[in-house]
Peer 1: 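Mind looking over this structure? Questions follow.
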Amino acid sequence: MKKIFKTEDKILIMLAFFSISVGLWGNFRQLWLQDNGLEASIIAKLLSISTLICAMFIFMIAKKIKIDRLKNFIMFCLIAKSTVLFGLFQFNHTNWNELIRLLIILDVLFEKLIIISIYPFITTIKKTDKLYSKRKLIEYIFRDVGILIGGLFIGKTIYQICFDYNLCLLISILFLVFACLVVANIKITINSDNKSKENNNCLRYILKDDILIIYFLNYFVGNIAMNTGLGLKMLMLTNFCEFSDSVATNYLLILGLIADVIGIVALKYLTSKNDYITVMLKFGIRFLFYIIAFCVDTVEMTIIAISWSILISTAYENIIDAPYINRVSTENQLTFTNYRYIIGILGESIGLSFAGKMYAYGATSMLGLSAFFMVFQIGLSCTLIYMRHNKKRECLEVKENGSY
């Protein structure tokens, strides 16, 4: 592996194994909890609390994790998540409900900690908008591979082995072990200058940049909107749209694979020179489908709205996120990413809470409330584009005038 793959490629391979595990287990986590006697509203509340605890925990450790310790930190989280999942595997269909809830919280926590650490780890080697988008596409594609594995085997009996939610959980642990092995094979030397420049005042650094402040607000609102509408999508598909678990899994898999292709094609060929058009392609059409689904209130329109939202989800990361993330210096990337995920997790927690409350009124009510938040998301996204282009014009004028 040392001679064949570059260091950043090894990190992406680790991400691939990790994403397969997340896709396989994350796709069935809600159904696993329902199978263990939890109602949808309780599941939403549990996941909301889990993400909220994640935000608080990440905030506490944000200043403790240094760039040169990222490899060991990721390794620790992978091992810890594997241990937690094995605990859940053991406690399936038992009366240890409180312990199951605690383990779910830890599961979500370690999953988020791994995710927030990967891109800062990559930026110690290389940082470009395309690499950021590539990292996201790897995550999406191999998450869908995990969903594929689940979709192929769930509910089937092979050699007297029944592939249920719990066996999928066990297989997901195996891919976490593969991820651990890849991380152990990564050797990286952090530039001493990056260590010495690591900024302990990243929050001040962010607050001085108006664009980053608006980006954080946009990221917060976007996570509320996304999770209000699709935070409980497996329960929506199985309970409201009357899909079986295998049909729902294969449906999400097919959409996910198409979305990955759309993301790749959009990155190379379909990115408009006008960023406002890009925003409307990603969020504007989704908003219209959500509103129509809310007004019409039919299963068919609900499926169409969910489908489009998933299909466009991986596209245009190079326009929506990358320019704002990559404007942050390398020495501030880790702390910035921690703060970004704290904001995102808070939005996810609020969105899941809204999803749980609106679930009682039906899937279209969830989409309708999501559309309300999307109005602000679209407005903030357009504001960011205006500010970013305006800053570029100001910089060009300064250079032309010879003033520095």
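Excluded from the calculations below are hydrogen atoms, water molecules and symmetry mates; all remaining heavy atoms, backbone and side chain alike, are included. This is a predicted model, so every value here is computed, not measured.
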Peer 1: Give a yes or no on whether a salt bridge exists between Glu39 and Lys45, defined as a side-chain N under 4.0 angstrom from a carboxylate O.
Peer 2: no
Peer 1: So Ile312 and Phe283, side-chain contact (heavy atoms from CB on, under 4.5 Å) or not? Walk me through it.
Peer 2: CA-CA 9 Å; Ile312 201 65; Phe283 300 124; over 6 Å; no
Peer 1: Heavy atoms only: give me the nearest Leu255-Leu311 pair and the separation to one decimal.
Peer 2: O-CD2, 3.6 Å
Peer 1: Minimum heavy-atom separation for Leu367 and Ala293, please, with both atom names.
Peer 2: CD1-CB, 4.0 Å
Peer 1: Checking the side chain of Asn166 only, and the main-chain atoms of Phe89 only, is there a donor and an acceptor separated by less than 3.5 Å?
Peer 2: yes
Peer 1: Determine, stepwise, if the pair Arg101 / Ile49 fulfils side-chain contact (heavy atoms from CB on, under 4.5 Å).
Peer 2: CA-CA 10 Å; Arg101 295 184 188 194; Ile49 292 171; over 6 Å; no
Peer 1: Strictly under 6.0 Å, is that where the ring centroids of Phe240 and Tyr359 end up?
Peer 2: yes
Peer 1: Measuring from Asn92:CG to Tyr165:OH, what's the distance to the nearest 0.5 Å?
Peer 2: 11.0 Å
Peer 1: Check whether any side-chain heavy atom of Asn27 sits under 4.5 Å from a side-chain heavy atom of Leu253, and report yes or no.
Peer 2: no
Peer 1: Would you please indicate if the ring centroids of Phe336 and Phe216 are separated by under 6.0 Å?
Peer 2: yes
Peer 1: Would you say that Met14 contacts Ile74 through its side chain, given a criterion of any heavy-atom pair below 4.5 Å between the two side chains?
Peer 2: yes
Peer 1: Before giving the answer on side-chain contact (heavy atoms from CB on, under 4.5 Å), spell out for Leu167 and Asp164 the whole-Å C-alpha distance, their side-chain angles and the decisive distance to 0.1 Å.
Peer 2: CA-CA 5 Å; Leu167 186 56; Asp164 58 6; 3.5 Å; yes
Peer 1: How about Arg327 and Ile211: do any of their side-chain heavy atoms sit closer than 4.5 Å?
Peer 2: yes
Peer 1: With distance as the sole test, does Glu348 use its side chain to make a donor-acceptor pair with the main-chain N or O of Gly231 at under 3.5 Å?
Peer 2: no
Peer 1: Roughly how far, to the nearest 0.5 Å, is the CG atom of Asp144 from the CG atom of Leu252?
Peer 2: 9.0 Å
Peer 1: Please check if the number of heavy atoms outside Tyr276 that lie under 6.0 Å from its OH is greater than 12.
Peer 2: yes
Peer 1: Is Lys282 atom NZ crowded by more than 12 heavy atoms from other residues, nucleotides or ligands, each under 6.0 Å away?
Peer 2: yes
Peer 1: CD1/Ile214 to CD1/Ile385 distance, rounded to the nearest 0.5 angstrom?
Peer 2: 13.5 Å
Peer 1: Could you give the side-chain donor-acceptor pairs of residues 369-378 under 3.5 Å, partners two or more places apart or in another chain?
Peer 2:
| unit_1 | atom_1 | unit_2 | atom_2 | d |
| --- | --- | --- | --- | --- |
| Ser370 | OG | Ala225 | O | 2.5 |

Peer 1: Under a 4.5 Å cut-off applied to non-hydrogen side-chain atoms, are Ser353 and Lys357 in contact?
Peer 2: yes
Peer 1: In this structure, are over 12 heavy atoms from other groups packed under 6.0 Å from Phe86 atom CZ?
Peer 2: no
Peer 1: CE/Met387 to CG/Leu380 distance, rounded to the nearest 0.5 angstrom?
Peer 2: 10.5 Å
Peer 1: If every non-hydrogen atom of Phe110 is compared with every non-hydrogen atom of Cys77, which pair is closest and at what distance?
Peer 2: CB-O, 4.0 Å
Peer 1: Judged by atom type as modelled, is there a donor-acceptor pair below 3.5 Å linking the side chain of Ser82 to the main-chain atoms of Leu78?
Peer 2: yes
Peer 1: Does any N or O in the side chain of Ser349 come within less than 3.5 Å of the main-chain N or O of Ile345, such that one atom is a donor and the other an acceptor?
Peer 2: no
Peer 1: Looking only at heavy atoms, what is the nearest atom pair of Met236 and Ala363, with distance?
Peer 2: CE-CB, 3.8 Å
Peer 1: Checking the side chain of Asn36 only, and the main-chain atoms of Trp32 only, is there a donor and an acceptor separated by less than 3.5 Å?
Peer 2: yes
Peer 1: Do Phe18 and Glu111 pass the side-chain contact (heavy atoms from CB on, under 4.5 Å) test, and can you show the C-alpha distance, the side-chain angles, and the key distance before you say yes or no?
Peer 2: CA-CA 9 Å; Phe18 171 73; Glu111 183 177 306; 4.0 Å; yes
Peer 1: Specify the closest pair of heavy atoms between Gly87 and Phe91, including all atoms of both residues, with the distance to one decimal.
Peer 2: O-CD1, 2.9 Å
Peer 1: Kindly say whether the aromatic ring centers of Tyr251 and Phe243 come within a distance under 6.0 Å.
Peer 2: yes
Peer 1: Once you round to the nearest 0.5 Å, how far does CD1 of Ile285 lie from CE of Met280?
Peer 2: 8.0 Å
Peer 1: Below 4.5 Å, heavy atoms only, C-beta onward: do Ile104 and Ser50 meet side chain to side chain?
Peer 2: yes
Peer 1: Hey, are the side chains of Thr249 and Met234 touching, using non-hydrogen atoms and a 4.5 Å cut-off?
Peer 2: yes
Peer 1: Between His93 and Asp35, is there a side-chain donor-acceptor contact under 3.5 Å, judged purely by atom types and distance?
Peer 2: yes
Peer 1: Are any of the side-chain heavy atoms of Leu99 and Leu102 separated by less than 4.5 Å?
Peer 2: yes
Peer 1: Would you say that more than 12 heavy atoms from the other residues, nucleotides or ligands in this model lie under 6.0 Å from the OH of Tyr324, or not?
Peer 2: yes
Peer 1: On the 0 to 90° scale, with breaks at 30° and 60°, tag the Tyr215-Tyr219 ring pair as parallel, tilted or perpendicular.
Peer 2: parallel
Peer 1: Please examine the side chains of Ile79 and Cys180, heavy atoms only from C-beta on, and report whether any two atoms are closer than 4.5 Å.
Peer 2: yes
Peer 1: Looking only at non-hydrogen atoms, find the nearest pair between Gln30 and Ile43 and report the distance.
Peer 2: O-CD1, 3.5 Å
Peer 1: Would the distance check show the side chain of Arg286 and the main-chain N or O of Ser309 forming a donor-acceptor pair, the cut-off being under 3.5 Å?
Peer 2: yes
Peer 1: Would a distance-only check, ignoring hydrogens and angles, find a side-chain to backbone donor-acceptor pair under 3.5 Å from Ser21 to Ser172?
Peer 2: yes
Peer 1: So, Lys10 side chain and Val183 main chain: donor-acceptor pair closer than 3.5 Å or not?
Peer 2: no
Peer 1: Can you measure from CG (Leu352) to CG (Leu52) and round to the nearest 0.5 angstrom?
Peer 2: 11.0 Å
Peer 1: Does Ile303 offer a backbone N or O that forms a donor-acceptor pair with the side chain of Ser307 under 3.5 Å?
Peer 2: yes
